[in-house]
Participant: 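There's a structure below that I have some questions on.
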Protein chains: 2
Amino acid sequence: MRCHLKIEVSLKPGHSDPEGETTAHLLRELGYNVVAVNVSKVYYVVLEVKTEEEARNKAEEMCKRLLANPTKDNYTIVIEETK
Amino acid sequence: MRCHLKIEVSLKPGHSDPEGETTAHLLRELGYNVVAVNVSKVYYVVLEVKTEEEARNKAEEMCKRLLANPTKDNYTIVIEETK
């Protein structure tokens, strides 16, 4: 079956977010009253698996092996659809 | 008041997503049965405004002027919190 996963990878609190800071700076230059910007990335992954449990386990593995940096990133995994 | 906005910027359907394709390729090399990967970006913006309506209008403007490329990107704006 095909499992549609939404995996969001964001920086752990306290880690500097240069992309967010640059975006905040540019938005302020455009005249917006921006207090802060944080940026995260979302991976929409379609995975061929046998069970939802397998999908969740594989997604955890993928985060640890490739998508997230365990030192500085948090991640959340949501199963959006299975068919 | 401070308005917490979540702005997700993703590619319009049909536009090529090199980052997603590379990620899919790497995940397949690691042994996962990946059908497809699409990547999008989320901006968490804290904005100082007078009303929620102003926040929504400013967020629309920010997308058009800086965060999204109208030719190839879709965006969604969600007001997560106001205080």
Participant: Quick check on B/Leu30 against chain A: is it the side chain, the backbone, both or neither that has a heavy atom closer than 4.5 Å?
Facilitator: both
Participant: Tell me, side chain or backbone of B/Leu5 under 4.5 Å from chain A's heavy atoms, or both, or neither?
Facilitator: neither
Participant: Heavy-atom distance under 4.5 Å to chain A: side chain of B/Glu19, backbone, both or neither?
Facilitator: side chain
Participant: Which residue out of B/Leu26, B/Ile7, B/Asn33 racks up the most heavy-atom pairs below 4.5 Å with chain A?
Facilitator: B/Asn33
Participant: With side chain to side chain contact (heavy atoms under 4.5 Å, CB included) as the criterion, how do A/Tyr43 and B/Thr23 come out once you've worked through the C-alpha distance, each side chain's angles and the decisive distance to 0.1 Å?
Facilitator: CA-CA 9 Å; A/Tyr43 296 91; B/Thr23 306; 4.0 Å; yes
Participant: For B/Glu53, is the CD atom crowded, meaning more than 12 foreign heavy atoms sit under 6.0 Å from it?
Facilitator: no
Participant: For each of B/Leu66, B/Val46, B/Val37, tally heavy-atom pairs with chain A at distances under 4.5 Å, and name the one with the top tally.
Facilitator: B/Val46
Participant: Under 4.5 Å from any heavy atom of chain B, what part of A/Leu67 do you find: side chain, backbone, both or neither?
Facilitator: side chain
Participant: Okay, side chain of B/Asp17, backbone of B/Val39: is any donor-acceptor separation there less than 3.5 Å?
Facilitator: yes
Participant: Output yes when a side-chain donor or acceptor of A/Arg2 lies under 3.5 Å from a complementary backbone atom of A/Val49, and no otherwise.
Facilitator: no
Participant: Any idea which of A/Cys3, A/Ala24, A/Ser40 has the most non-hydrogen atom pairs under 4.5 angstrom with chain B?
Facilitator: A/Ser40
Participant: Checking the side chain of B/Arg28 only, and the main-chain atoms of B/Val35 only, is there a donor and an acceptor separated by less than 3.5 Å?
Facilitator: yes
Participant: Is the backbone N or O of A/Pro70 less than 3.5 Å from a side-chain atom of A/Lys12, with the two atoms forming a donor-acceptor pair by type?
Facilitator: yes
